[in-house]
Amino acid sequence: MACASTDISPRFMENGNSDSKDALNLETIRKSLIRQEDTIVFSLIERAKFPLNSPVYEESSSSSSSFLIPGCFDGSLVQYIVKETEILHAKVGRYESPEEHPFFPDDLPRPLLPAYNYPQVLHPAASCININKTIWKFYFDELLPLFTKEGDDGNYGSTAACDLGCLQALSRRIHYGKFVAEVKFRDAPEDYGPAIRAQDRDALMKLLTFIDVEEMVKRRVEKKAMVFAQEVSLNDKEDNNRKYKIDPSIVSRLYGDWVMPLTKLVQVEYLLRRLD
Ligand SMILES: C=C(O[C@@H]1C=C(C(=O)O)C=C[C@H]1O)C(=O)O
């Protein structure tokens, strides 16, 4: 099977950055978001190797299902793979990381490994925010049909493993809004304080939105998709006729319609609880 994420329990701001509390600033956070764009684009490219493969998404209890999953599991193959992977990852501490959020949070096992001491940078209320249900829905209902071809090649296990990679990368990026919000609050508590005390969602949304940054993000992810997803050939003529493994404009749309709005939703949800 392909595509399972190897990044099991990321430690806040690793990959070249210090993990101390002092490293929490908008620049380091934005750097991490930029690096996560690469993971998201590559995960979509990996998923696009396979056609839609709709049997992966049929409930195993339905009469048309191609699978019989053991142990009274009546969900779809993709639900089964995500759920079982999360059980395994929970055992090795994935969900102890403040950057990670399970899609099936109920009854996850305790970690077997000794606890890693994550720096406490977020307000404790952060742990109640998990919008993975919304991410699951837009990914399967809206995004997937946009970037996969119709059809069925029988690679069901690999397809579901690739979906898992996409979901984990998107979930991590969107929930990073908690860190973005914390930094923005610390930089200007006098601006955010009154809107938080008034529980004014619209005012918070206005304060944390930077339209010019969002436009830049959309242009950058489209360009990344053009570079990462291009078919590379040694024949110059073919190069002039560029083909892409995924349509770069869909990546820009993914960010404009879902990733950034949902990151901002996480920011608002976090800020509403920031003074509890
Ligand atoms: C993440 C930020 O906050 C908002 C959300 C953005 C995003 O999700 O990329 C971009 C700009 C802001 O409107 C940020 O300011 O960097």
Side-chain angles (χ1 to χ4, degrees), residues 10 12-17 21-44 97-101 121-123 125-126 129-139 142-143 166-193 195-196 200-228 248-274:
F12 179 61
M13 291 199 291
E14 265 192 355
N15 305 323
N17 295 317
K21 274 188 189 182
D22 302 335
L24 190 74
N25 61 57
L26 203 47
E27 202 191 320
T28 50
I29 297 281
R30 282 181 174 154
K31 253 191 207 154
S32 173
L33 295 178
I34 290 171
R35 178 61 187 82
Q36 290 181 54
E37 291 164 7
D38 301 5
T39 312
I40 290 174
V41 174
F42 278 118
S43 70
L44 299 178
S97 165
E99 297 178 22
E100 294 294 336
H101 300 76
V121 291
L122 298 178
H123 186 282
I129 302 165
N130 179 338
I131 64 160
N132 275 342
K133 277 205 175 98
T134 309
I135 296 173
W136 182 281
K137 197 162 169 18
F138 93 72
Y139 176 78
E142 300 186 72
L143 181 64
C166 294
L167 288 168
Q168 286 177 330
L170 289 166
S171 172
R172 183 165 181 228
R173 192 309 177 179
I174 289 167
H175 288 98
Y176 228 74
K178 296 178 185 181
F179 295 98
V180 181
E182 177 61 27
V183 170
K184 288 181 178 172
F185 174 79
R186 286 190 199 182
D187 283 349
E190 64 291 352
D191 294 339
Y192 284 93
I196 296 171
D200 186 340
R201 287 176 166 272
D202 294 345
L204 288 171
M205 189 59 95
K206 237 190 216 150
L207 281 169
L208 58 82
T209 296
F210 293 88
I211 295 288
D212 49 340
V213 176
E214 293 184 22
E215 282 309 311
M216 218 166 57
V217 171
K218 279 199 284 179
R219 281 197 284 122
R220 189 177 51 239
V221 293
E222 180 159 357
K223 189 165 177 189
K224 282 187 181 184
M226 280 177 175
V227 176
F228 302 162
S249 70
I250 289 173
V251 181
S252 168
R253 180 163 165 208
L254 161 66
Y255 268 73
D257 288 1
W258 296 294
V259 172
M260 293 195 290
L262 291 176
T263 304
K264 292 199 291 181
L265 173 68
V266 168
Q267 293 188 57
V268 170
E269 292 298 331
Y270 178 81
L271 287 166
L272 287 170
R273 298 164 171 84
R274 180 58 181 77

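Positions are given from 1, in the same order as the sequence printed here. First listed ligand is number 1; within each ligand, the first listed atom is number 1.
- The contact set between ligand 1 and V213, taken as ligand atoms under 4.0 Å from a residue heavy atom, comprises 10 (C), 11 (C).
- If you check each of Q36, Q267, E215, M205 against atom 4 (C) of ligand 1, the one with the closest non-hydrogen atom is Q267.
- With a 4.0 Å cut-off on non-hydrogen atoms, I29 does not touch ligand 1 at all.
- Nearest residue to atom 8 (O) of ligand 1 from E27, R173, R30 is R173 (criterion: closest heavy atom).
- The nearest protein atom to atom 3 (O) of ligand 1, hydrogens excluded, is given as K184 NZ, 2.7 Å; this is a heavy-atom distance.
- Counting atoms of ligand 1 from 1 in the listed order, those under 4.0 Å from a heavy atom of F210 are 11 (C), 12 (C), 13 (O), 15 (O).
- For N132 (side chain) and H101 (main-chain N/O), a donor-acceptor pair under 3.5 Å exists by modelled atom type.
- In this structure, the separation between CD on Q267 and CD1 on I129 is 11.0 Å, given to the nearest 0.5 Å.
- Close approach of ligand 1 to L208 is summarised as follows: ligand atoms under 4.0 Å from at least one heavy atom of the residue are 3 (O), 4 (C), 12 (C), 13 (O).
- For the residue pair Q36/S32, the side-chain donor-acceptor check at 3.5 Å is satisfied.
- Judged purely by atom type and a 3.5 angstrom limit, K184 has no side-chain atom pairing as donor or acceptor with the backbone of L207.
- In this structure, Y270 and H123 have perpendicular ring planes: the angle between them is above 60°, well past the 30° mark.
- Taking NZ of K264 as the start and CZ of F210 as the end, the distance is 10.5 Å to the nearest 0.5 Å.
- Within ligand 1, the atoms closer than 4.0 Å to a non-hydrogen atom of T263 are 8 (O), numbered from 1 in the order shown.
- Taking atom 11 (C) of ligand 1 as the reference point, the nearest protein heavy-atom neighbour is E214 CG, 3.4 Å.
- Residue-level proximity to ligand 1 for E37 is absent, since no heavy atom of it falls below 4.0 angstrom.
- Under the side-chain contact (heavy atoms from CB on, under 4.5 Å) rule, E269 has a single partner from V266, L265, L271, which is L265.
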